[in-house]
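Just so we're on the same page: letters track the sequence lines, and every chain starts at 1. Scope of the values below: all heavy atoms of this structure, side chains included, with no hydrogens, waters or symmetry mates.
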There are 2 protein chains.
Amino acid sequence: MSAPKILDLGSLKQACKSCSLHDLCLPLGVGDEELQMLERIINRRRPLQRKDHLYRPGDRLHSIYAVRSGTVKTYTLTDDGQEQITGFHLPGELLGLDAISDGVHPCAARALETTSICEIPFDRLEELSVRIPGLQHQLFRIMSREIQTDEQFMMLLGKKASDARLAAFLLSLSTRLGMRGFSRTEFNLTMSRNDIANYLGLAVETVSRLFTRFQSAGLIEVNRKLITIFDLEGLQVVAGAQPVEELRNCPGQCEGDQPQGN
Amino acid sequence: MSAPKILDLGSLKQACKSCSLHDLCLPLGVGDEELQMLERIINRRRPLQRKDHLYRPGDRLHSIYAVRSGTVKTYTLTDDGQEQITGFHLPGELLGLDAISDGVHPCAARALETTSICEIPFDRLEELSVRIPGLQHQLFRIMSREIQTDEQFMMLLGKKASDARLAAFLLSLSTRLGMRGFSRTEFNLTMSRNDIANYLGLAVETVSRLFTRFQSAGLIEVNRKLITIFDLEGLQVVAGAQPVEELRNCPGQCEGDQPQGN
DNA sequence: CGCTTATTTGACGTAGCTCAAGAATTGTGG
DNA sequence: CCACAATTCTTGAGCTACGTCAAATAAGCG
């Protein structure tokens, strides 16, 4: 469509290669030219410092954001002012999709460490995705993915015991970091124990005890914030385990065709 | 664009008026003509009977669905075959959005009673939403809304006690039914106690006990499947309550600027 | 009208929360 | 660089909300 009159697009493009915007473009025939159109609407922002807010509940939606480096947590406040963390966002992940429906951010977003962010004005993104069907498709996919992982998480909170929750959390971090080229087996927890507990619906004390338990079991090593995973498969077993050990009173076969939960 | 050569579009259109597709069109300047284009790609299906599956996990995504009448539950199976219900879908609500990302349904969808459904072929919906920017916007909004309510639900599962969960559940049904013109204070539970418990991450027995407790407290009347809400505000109080009564050891003011959860 | 399945109710056990206190870290000002 | 305060993390000791188990009703259903 429009001729490229780019300055430092090279570097921007490279940055986007390791970002969810990359997923957003390449897989589905979004060509080079379209990619440049997308990159042209993206703004960099000066890095957030630890505890800086990216947005607060009630802020109007101007943009959605992609984490370039660092970590951001999103959280709501309950009726009585308690914090409920709704997610941790690692490099390459998007934030703010929950604000589209009302045009207002229902959550707060806050940096857990020094964090750099790409800002994507949402109205321009919408315009662009009308012109680039592949982009529209990718946006649908990304939002759908989030719905899907939220559903997974509900299962975690509804059905799994504390150890399974923490194991799943560590595995999730491991996988997501691994996808972006970081180590899957050694990483820093950028969030506090309190944040982890809050996110997983547990008490801080429980999280702390679980870390020591996992360590004694030889699954991981915990060194302050540094986690080293020794036994990924072992963690997966723990993460999959139900609160009640499966197959208890099922001598022959578990009855019937209608598994009922809990 | 295309001239209207409609047969029974009148009735279809009326049906869509009380449907999420209505929300999907009207609010944002999707004109009459565009609405007809949308309606032309929508298929009715013969009604589902109780326990019929609309789709199963692993089925390819062909369409997303809107409930016209009846109720549908969606659920996944855990690693060990347990059912985890991810949602109940009432008239006017959409299903299947979680399948877009992989092109495969991660959940099963099953009718809880005789249910009629509109089917919207997703590829055609995508095409159309390229041509009708307002439609694209509405789709983004609907998916965003789902992400937002999922986040709310996480808070429910992570932070709220059993009574708050059930109260919130009843209020949710009440509101959603009310929006579609049904009574907010008297309705049938189309799902079993088991389903409710499963969805809320509780044991059946707990749900049963809570119903009787709510009834003794004069909040509701329970008659088999029929719920009558006497005290909506009372339920809201219960739903808002934290597991620990708020303001316990806070004589003067609750300390500080950084509310930490749990 | 038996048989299966759903719901209720009671008795009891336990996972995980609360409370409390100490240890380790981090931040701060001199 | 060091004291000191503030925060975060860990560990121990109870307590309780809710799950499990068991059994009795009550409904659906062929």
With sequence neighbours excluded, what pairs up with Phe187(A) under the ring pair (Phe, Tyr, Trp, His ring centres under 6.0 Å) test?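 In terms of ring pair (Phe, Tyr, Trp, His ring centres under 6.0 Å), with neighbours along the sequence ignored, Phe187(A) is linked to no residue.
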Any protein N or O atoms within reach of nucleotides 9-16 of chain D? Criterion: under 3.5 Å, listing atom names and distances.
residue, atom, partner, partner atom, Å
dC9(D), OP1, Arg193(A), N, 3.4
dC9(D), OP1, Lys225(A), NZ, 3.3
dC9(D), OP2, Arg193(A), N, 3.1
dT10(D), OP1, Arg193(A), NH2, 3.3
dT10(D), OP2, Arg193(A), NE, 2.9
dT10(D), OP2, Ser208(A), OG, 2.9
dT10(D), O5', Ser208(A), OG, 3.0
dG12(D), N7, Arg209(A), NH1, 2.8
dG12(D), O6, Arg209(A), NH2, 3.4
dA13(D), N6, Arg209(A), NH2, 3.4

Would you mind writing out the side-chain donor-acceptor pairs for residues 226-240 of chain A within the sub-3.5 Å range, not counting sequence neighbours?
residue, atom, partner, partner atom, Å
Asp231(A), OD1, Glu233(A), N, 3.4
Asp231(A), OD1, Gly234(A), N, 2.7

Between [N] atom [atom2] and [X] atom [atom1], what is the distance in whole Å?
X         : N       : atom1 : atom2 : answer
Ile196(A) : dT8(D)  : CD1   : C1'   : 12 Å
Leu202(A) : dC18(D) : CG    : C1'   : 15 Å
Asn198(A) : dT8(D)  : CG    : P     : 13 Å
Leu157(A) : dC18(D) : CG    : P     : 15 Å
Leu210(B) : dA17(D) : CG    : C1'   : 11 Å
Lys159(A) : dA15(C) : NZ    : P     : 18 Å
Arg213(A) : dG16(C) : CZ    : P     : 8 Å
Asp163(A) : dT14(C) : CG    : P     : 16 Å

Contact list for residues 163-176 of chain A, test side chain to side chain donor-acceptor pair (under 3.5 Å), sequence neighbours left out: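 Matches after skipping sequence neighbours: Glu93(A)-Arg176(A), Ser172(A)-Arg176(A).
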Terminal axes of the helix from dC1(C)-dG30(D) to dG30(C)-dC1(D) (five pairs each): angle between them, nearest 10 degrees: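 About 50°, once rounded to a multiple of 10°.
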Within the side chain of [X], is there an N or O that forms a donor-acceptor pair under 3.5 Å with the backbone of [Y]?
X         : Y         : value
Ser101(B) : Ser144(A) : no
Asn198(A) : Ile85(A)  : yes
Arg56(B)  : Ala108(B) : no

Any side-chain donor paired with an acceptor under 3.5 Å for Gln84(A) and Thr76(A)?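 No, no side-chain donor-acceptor pair sits under 3.5 Å.
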Contact check, side chains of Tyr199(B) and Met191(B), non-hydrogen atoms, under 4.5 Å: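 Not touching, per the 4.5 Å side-chain cut-off.
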For Glu119(A), give me all partners under salt bridge (Lys or Arg N to Asp or Glu O under 4.0 Å), at least two apart in sequence or on another chain.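 Expected list: Arg45(A).
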